[in-house]
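Since the structure comes first, as structure tokens, the remarks are kept for the end.
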Amino acid sequence: MSVLKGVASWGTAAPDRRRRAIPFVIAVVFALLYPFIDQAIGLRYIDPMVSILILVLLALGLNIVVGIAGLLDLGYAAFFAIGAYTAAFLTSPASPLPYRTNFWIAMAISFFVAMIFGVILGIPVLRLRGDYLAIVTLGFGEIVPRIFLNLDSITGGSKGINPIGKPSIFGYTLDASNPVGWYYLVICVGILSIFLINRMLDSRLGRSWMALREDEIAAASNGINIMGTKMLAFAMGASFSGFAGSIFAARFQFIDPFRFDFTISVMVLAMVILGGLGNTYGVIIGGIIMASYDRFLAERLTGWLHAIGNSTGIEVLTRIDLLNSRLFIFGAALILTMLLRPEGLFPSRRRAAELHAGEEEPEVFDGGTVLEQERQTLYDVEVAQEPTGEHGT
Amino acid sequence: MPILELEDVHSYYGHIHALKGISLTVEEGEIVTLIGANGAGKSTTLRTISGLIRPRAGTIRFQGQRIDGLPPHRVAALRIGHSPEGRRVFPRMTVRENLEMGAYLQTDKAQIDRGLERVYDLFPRLKEREKQAAGTLSGGEQQMLAIGRALMSDPLILLLDEPSMGLAPNLVELIFDIIADINRQGTAILLVEQNAHMALSVASRGYVIQTGQIILADTAEGLQRNEMVRRAYLGEESALAG
């Protein structure tokens, strides 16, 4: 694919990349050492971390579609489902397929199957924008789990599929009793995904996604194939959910259609928005915060609040249940983000520039402001004179 | 053979018949202007040429080859540069990144560098602002950037839509001087303008468009002398009466 060819000359990209690498290396080292830290302190967060990181993988894929290309997708969970079911069909003894593969091949195939479904969703929505696009993708997100539910001769319907093939490496099989192994699997797939995504964003394709997000008409008149570029955004965005889906299926050994409902789409979207649309690392941090809250923080916080309530005698605190108000808190977090920091916690440079353009002085030097004032005055004069010309007619 | 030729082109916005049989030609190395009031179909003509609107009838030829019905990216690939109405720079990209987007179809790095050099030469101001986000530029600078970006594809013909819109008179003159420079370097230009006075001062020929039809075609001098043009587009009736 010629569009994927990297262009080394993209402006200021090269020094930027070197600077970006430092926090990345620190984060990778920390991620690799985390299981030891976890064990040393006795946190025991490894198990929830696997679920959290699977959600973060999804957020990375959705960020391509929503954050980079600017196409609002409310049905992303559909691709997660497609990835998970593909892996299940390819590895489960309960699968209707005549042959099975091992987990690794299934994961790679899931990646491509999700990509193909990205294209299939991409084609009908190519001409849609904004709200219309959001509604169609929302519909797609509802249709896919429903198809899996109703094709019960193939998918097992509401009974789901179980068991699902486990990954094994060097004769060593990952199973449920080994969360650290799963943790490293997700971390490795995550690093691979980040590498692939960064390569894509630095290429011509990445640039054309950003141009598309900023101004479709200008992008088209610069020679960007709008239809093809949009379709590739859906396809590439969807493909990463194939990784997430296959790991999810294998980790939990059981999938049914109810695990891929609208709340997943919304939660992943919220991660992307909270973290900072368009910024890969922001999305990772935003994803970890939101998913941690969902998977264990809500529970722990409730416990702590009850304990504080009991020891201080403030009765209200002992009755708070943050677990039940999970979705309420997500909603509140989204609203607050939009009001206070619309570019997300860790925005990409461009988003921040756009959203706060009015608040701060633009970096004007060499008397640019003076020129602006001069322009304004001259323009006023011009307007004032105009009626004289028009009086005659 | 003209470099660009429109023959009886009809375009629609939904049910609205916006272009009712436009025919015009641009010869190689020429500046041709299309003047007319708001809503006459000037921008629609340019958008139809560049493929943003698909014409329902008629033919458009570029260097003898039919381009009507081609999608915009294929039209751009033929080296037809379009600087659309309202500037439309990429606000969050830097000036330099905007220019690089203009060279999107160029694969030759040396050619891109030559393009950058040419644009910075024509618009030294853009060089000063190279690393600034395009959205923070003044209106005049954004217009320079929009023209510069269209030049990055090294176009054989440049379609310019209202380059003077919203600019102070001194900037308008500067922009028109540069348009003349670009033309002297060999690029044909089809210029859409409401400021008929400035447009006719740089163009060699012009067309007057009214409610989707060409009502007059003549040399620039001819149009400047034409009674109707002076009255309707140059606002000189009172001067004549007086």
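Order of the sequence lines sets the chain letters (A, B, ...), proteins ahead of strands, with each chain counted from 1. Here the structure is a predicted model, which is why all the values come from computation and not from measurement.
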Which atoms of B/Gln106 approach chain A - backbone, side chain, both or neither, heavy atom under 4.5 Å: backbone
Quick one: what part of B/Arg74 sits under 4.5 Å from any heavy atom of chain A, side chain, backbone, both or neither? neither
Surrounding CZ of A/Phe117 (heavy atoms of other residues, nucleotides or ligands, distance under 6.0 Å), is the total greater than 12? no
Between A/Lys230 and A/Glu216, does any side-chain N to carboxylate O distance fall below 4.0 Å? yes
Quick check: closest heavy atoms across B/Thr187 and B/Pro155, and the distance to 0.1 Å? CG2-O, 3.5 Å
Does the side chain of A/Ser221 pick up a donor-acceptor pair with the side chain of B/Ser50 at under 3.5 Å? no
Heavy-atom contact with chain A under 4.5 Å, split by part of B/Pro71: neither
